[in-house]
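Structure first, commentary second.
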Amino acid sequence: MTTIDREHHRMTYTAAVHEAVAALRSIREHWGELLLAIETPPADVWPPRQLAHTLRADVDEPLVVQDRAPLVLREHPAPANLDALDAGLAIERQVFDLADTLAAVVQRADPGDLRRWDFQNPGAADGRGAAGSRAHGLHFACVWIEGRLLDEDTEPEKQLDDALAAPPFAPLPPYLLHEVRRAARIAEGRLLRTLGLDTRSTPVPDRACPWCGGDLDLHTGPDTAPNVTCSTGSECTAPVPLDEQGRRVWQWADLVALVAALAEGRQPAEQAA
């Protein structure tokens, strides 16, 4: 292998690591939204799913994701959104199975080491013990997998007597890196599609701009908050700024006011006259 080939291989490997880590972090960041979606009846387009929790009057406390037992370990007698539940269950299983696969190959940690990924143990006396590390939830699994991607804890460790102990994990083999990247991106893609956060522009159905009567479009993407634009352009009198294309745009902070104006049935001035 030439120097150029080695450098290309290194760059390809590094890029794959970055893509897999980014997908895992995206799953963690949006997991709370999926849990809320399971508890919220599905809506076609409007209002944006991300506003559902803000607009619900019956929510007193914020959702703490880490306090929730994994979906695969609890009952779901009456989910408000079955599609979101199905997606959540599939994503959890995919991530947990991926951690199992990595642990079977690279884990060297002794039992009792808190860094260890514990497999399921159907013979355990209690449910959480039977679940192994899956009981810690999806966030823990994603962070654990990320550690294996970054080859954390793969060097010999100095003990209290200065002796070196074997590392708890071996470096990740290249073939497993590509499996992690593929599985993480598939899981992320399903999560974003379920939440309507994949990149798309969708007409807001049966609703016109309350200020000018123009067409409204909802824009979403995995790395940006949703926003809504009006097709009329600068002649629209809505109290929001213009975007780079000269359209009135309701950014995240303005969307609650737009939802309220549409719910009130506010009419453009010329129509009201």
Side-chain angles (χ1 to χ4, degrees), residues 15-16 18-38 40-57 59 62-63 81 83-84 87 91 181 184-273:
H18 288 168
E19 287 185 22
V21 167
L24 290 168
R25 291 179 180 177
S26 176
I27 293 170
R28 289 166 50 203
E29 290 167 2
H30 293 104
W31 191 244
E33 293 179 44
L34 184 67
L35 296 183
L36 288 172
I38 293 171
T40 306
D44 292 333
V45 174
W46 190 260
R49 185 185 300 277
Q50 298 92 321
L51 285 178
H53 187 242
T54 302
L55 298 173
R56 282 173 60 185
V59 177
L63 174 66
N81 188 330
D83 288 342
I91 291 166
R181 173 182 172 273
R185 293 189 66 184
I186 290 174
E188 179 199 24
R190 180 162 187 179
L191 175 59
L192 295 178
R193 287 192 302 275
T194 301
L195 294 174
L197 293 177
D198 49 335
T199 301
R200 65 174 79 173
S201 295
T202 309
V204 177
D206 304 320
R207 292 171 177 85
C209 175
W211 285 268
C212 71
D215 295 330
L216 296 176
D217 289 295
L218 172 65
H219 308 278
T220 59
D223 301 317
T224 58
N227 66 78
V228 173
T229 57
C230 173
S231 63
T232 299
S234 60
E235 295 180 1
C236 175
T237 59
V240 291
L242 300 172
D243 66 5
E244 295 178 352
Q245 300 179 43
R247 303 171 299 185
R248 294 293 175 189
V249 57
W250 287 263
Q251 300 288 2
W252 175 251
D254 306 312
L255 284 180
V256 172
L258 177 60
V259 171
L262 290 170
E264 292 170 1
R266 186 184 190 280
Q267 296 294 317
E270 60 270 19
Q271 293 183 20

Value for CG (Leu24) from CZ (Arg185), rounded to nearest 0.5 Å, stands at 12.0 Å

Given the rule in the side chain to side chain contact (heavy atoms under 4.5 Å, CB included) test, do Asp254 and Leu258 qualify, once you have shown the distances and angles that lead to the verdict?
CA-CA 7 Å; Asp254 306 312; Leu258 177 60; over 6 Å; no

Within this structure, what is the SG-CG distance for the pair Cys209 and Asp217, rounded to the nearest 0.5 Å?
11.5 Å

So OG1 of Thr194 and NE2 of His30: to nearest 0.5 Å the spacing works out to 12.0 Å

Does Leu216 form a side chain to side chain contact (heavy atoms under 4.5 Å, CB included) with Leu262? I'd like the steps, not just the answer.
CA-CA 11 Å; Leu216 296 176; Leu262 290 170; 4.2 Å; yes

CG of Asp83 to CZ of Arg193: how many Å apart, nearest 0.5 Å?
12.5 Å

Testing the basics here: between Ala37 and Leu195, what is the closest heavy-atom pair and its distance to 0.1 Å?
CB-CD2, 4.0 Å

Go through the structure and list residues passing side chain to side chain contact (heavy atoms under 4.5 Å, CB included) with Ala208, not counting sequence neighbours.
none

Does the side chain of Leu218 reach to within under 4.5 Å of the side chain of Pro226, using non-hydrogen atoms?
yes

Looking only at heavy atoms, what is the nearest atom pair of Val228 and Leu255, with distance?
CG2-CD2, 3.7 Å

When rounded to the nearest 0.5 angstrom, what is the spacing between CZ in Arg190 and CD1 in Ile27?
12.0 Å

With rounding to the nearest 0.5 angstrom, report the CH2 to CG distance, Trp252 to Asn227.
11.5 Å

Could you give me the CA-CA distance, side-chain angles and deciding distance for Cys230 and Arg247, then say whether side chain to side chain contact (heavy atoms under 4.5 Å, CB included) is met?
CA-CA 6 Å; Cys230 173; Arg247 303 171 299 185; 5.8 Å; no

Between Ser26 (side chain only) and Ala22 (backbone N and O only), is there a donor and an acceptor less than 3.5 Å apart?
no

Taking everything shown except Asp243 itself, do over 12 heavy atoms lie less than 6.0 Å from its CG?
yes

For Arg248 and Cys236, indicate whether the former's side chain and the latter's backbone hold a donor-acceptor pair under 3.5 Å.
yes

Which pair of heavy atoms, one from Thr202 and one from Arg200, lies closest together, and at what distance?
OG1-CD, 3.6 Å

Specify the closest pair of heavy atoms between Leu34 and Ala84, including all atoms of both residues, with the distance to one decimal.
CD1-O, 3.9 Å

Tightest non-hydrogen contact, residues Gly214 and Thr232, listed as CA-OG1, 3.5 Å

For residues Ile91 and Trp31, report the shortest heavy-atom separation together with the two atoms involved.
CG2-CZ3, 3.9 Å

Walk me through it: do Thr40 and Asn81 pass the test side chain to side chain contact (heavy atoms under 4.5 Å, CB included)?
CA-CA 6 Å; Thr40 306; Asn81 188 330; over 6 Å; no

Does Ala23 offer a backbone N or O that forms a donor-acceptor pair with the side chain of Arg25 under 3.5 Å?
no

